[in-house]
Colleague: 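To start, I am sharing the structure in question, which I have written as structure tokens.
Reminder, nothing fancy here: chain letters follow the sequence lines and each chain counts from 1. Just so you know, these numbers come straight off a predicted model, no measurement behind them.
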Protein chains: 2
Amino acid sequence: MGIKERRAREKEHLRQQILSAARELFVKEGYENVSMRKIANKIEYSPTTIYLHFKDKADLLDFVCQETLLNLLNTLEQLKSEINDPVETLRKSGRAYVEFGLKYPQDYKLTFVVRPQFQKGLGLVEGTIGEKVFNCLRETVSECIRQKIFRQVDVDTTSQVMWSAVHGVTLLLIDFPDFPWVEQDTLIDAVIRTTIEGLKA
Amino acid sequence: MGIKERRAREKEHLRQQILSAARELFVKEGYENVSMRKIANKIEYSPTTIYLHFKDKADLLDFVCQETLLNLLNTLEQLKSEINDPVETLRKSGRAYVEFGLKYPQDYKLTFVVRPQFQKGLGLVEGTIGEKVFNCLRETVSECIRQKIFRQVDVDTTSQVMWSAVHGVTLLLIDFPDFPWVEQDTLIDAVIRTTIEGLKA
DNA sequence: TATTTAACTTTACAGTGTTAATATTATATC
DNA sequence: GATATAATATTAACACTGTAAAGTTAAATA
């Protein structure tokens, strides 16, 4: 019965090959500029083979993004386990979030801007990794409120405010690289500090 | 010599026809899903005629976005002229900015997300309308600092923080309509209030 | 060995942005 | 009014795109 398993392994291997070729191309050339043929060429298979593993191009994007989110989730969860002070955790998480976006700008846009455009309805909802990322942030914020460091406003509102801030600065820095920004670190710090200050009791 | 003028008028008229057809389609179906042929069909011209008026599809997008920015600029400048208290102006401007984005979500994304992707390098820089929009915000922030209501941090940093916040919440609300947001007005208010509080002296 | 099943490829279709060459028109000149 | 000239619009074509359907090949089962 080892044959079936080997076959399954081979299938999974090809699937991973497709995914990593797709990610590489999406990131390098942008989702729109990558064709199924390009991906197929890269892995030396025919274009339609991809369709045996993924429903369509958007589906492929979806799985690429899930990997990205998993990556982000790991970064944030590790951070949380390392620090005790919730405010400090939040500050560091915010920085890590923005830095993640700037380190993999194409991945970030793919996940948080392009994907929702191509998969209307399927936001960050349900038991997805995206939800876990948000929940990670939410827990930290929750702790800040519990310890009465933050104003006693709704946990969700507070978390969503925080997310808005980091999402906003990340995208602006990615999308308008030629805008006369103040020093990048200064701006990121200011955004996070301002938001945290504004949330304090 | 009235003939040349009439000709110029006719030319301008067609140009406007193209622009408004493009805007309508871009907004309704999304930039990627609109072809030059579709635009041409709508105005009952051949596809290539468009190229006599615009360099390419991205150029067309560019002019559509400029109109959007002009629209936003008018909204914000009128607001500023109506109110005296700079903090109140800033609060209202923030709200107006987000509401503008939510009222014309496709236009907003086209201008602030899609366009930069398709015209790398040409951000919001130079003497464009986009710059004027930012300057409008900047002036209000500047007044808040001058009156010592805000902390004495760099005007640019402060303005950019404000922009990050409103940009972030706008895009999140547009892109993830199915996320379990708190009540929309509550969130927008919380974002703006938090940022302003965080900036205060 | 014959047949079924899985994996993959070839072919094809209807659509894309864009260019070059061509045709049509309206104006200016004789 | 006829002809040359300029402006404007169109047709045809190219090299792509995502993807469905049919065909091919190799391996597993009977």
Colleague: How many whole angstroms separate atom CG of N41(A) from atom C1' of dT17(D)?
Modeller: 14 Å
Colleague: Does the ring of F63(B) carry R15(B) above it, NZ/CZ under 6.0 angstrom from centre and within 45° of its axis?
Modeller: yes
Colleague: Measure from the side chain of L52(A), starting at C-beta and using heavy atoms only, and say which of dT19(D), dT18(C), dT9(C) lies closest.
Modeller: dT9(C)
Colleague: Need one value for S46(B): base, sugar-phosphate or nothing, where a base atom within 4.0 Å counts as base even if backbone is also close, heavy atoms only.
Modeller: base
Colleague: Need one value for I39(A): base, sugar-phosphate or nothing, where a base atom within 4.0 Å counts as base even if backbone is also close, heavy atoms only.
Modeller: nothing
Colleague: Does any donor atom in the side chain of Y45(A) or H53(A) lie under 3.5 Å from an acceptor atom in the other side chain?
Modeller: no
Colleague: Got more than 12 heavy atoms from elsewhere within 6.0 Å of CG, N74(A)?
Modeller: yes
Colleague: Rounded to the Å, how far apart are E32(A) CD and dT17(D) C1'?
Modeller: 12 Å
Colleague: From CE of M36(A) over to P of dT9(C), roughly how many Å is that when rounded to an integer?
Modeller: 14 Å
Colleague: To the nearest Å, give me how far apart CD (E44(A)) and C1' (dC8(C)) are.
Modeller: 15 Å
Colleague: Without decimals, in angstroms, what is the distance between L25(A) CG and dT17(D) C1'?
Modeller: 15 Å
Colleague: Where the side chain of S35(A) is concerned, which of dG18(D), dT18(C), dA7(C) is the nearest nucleotide?
Modeller: dG18(D)
Colleague: Between dA7(C) and K11(A), is there an OP1 or OP2 to side-chain N/O distance shorter than 4.0 Å?
Modeller: yes
Colleague: Assign T49(B) to base, sugar-phosphate, or nothing according to its heavy-atom contacts below 4.0 angstrom with the strands shown.
Modeller: base
Colleague: Identify which nucleotide among dT9(C), dT18(C), dT10(D) has an atom closest to any side-chain atom of T48(A), counting heavy atoms from C-beta outward.
Modeller: dT9(C)
Colleague: Which sits closer to the 5' end of DNA chain D, K38(A) or K55(A), going by the nucleotide each is nearest to?
Modeller: K38(A)
Colleague: Please say which of L14(B), I43(B), I39(B) ends up in a side-chain contact (heavy atoms from CB on, under 4.5 Å) with T49(B).
Modeller: L14(B)
Colleague: What is the distance from CD1 of I43(A) to C1' of dC8(C), rounded to the nearest Å?
Modeller: 11 Å
Colleague: With a non-hydrogen cut-off below 4.0 angstrom, is Y51(B) in contact with a base, only sugar-phosphate, or nothing?
Modeller: base
Colleague: Over how many whole Å does the gap from R15(B) atom CZ to dA9(D) atom P extend?
Modeller: 14 Å
Colleague: By nearest nucleotide on DNA chain C, pick out whichever of L14(A) and V34(B) is the more 5' one.
Modeller: L14(A)
Colleague: What's the CG-C1' distance between N33(B) and dG17(C), to the nearest Å?
Modeller: 15 Å
Colleague: Is a donor-acceptor pair below 3.5 Å formed from side chain R37(B) to base dG15(C), judging by atom type as modelled?
Modeller: no
Colleague: When you compare the side chains of T68(B) and R23(B), does any donor N or O come within less than 3.5 Å of an acceptor on the partner?
Modeller: yes
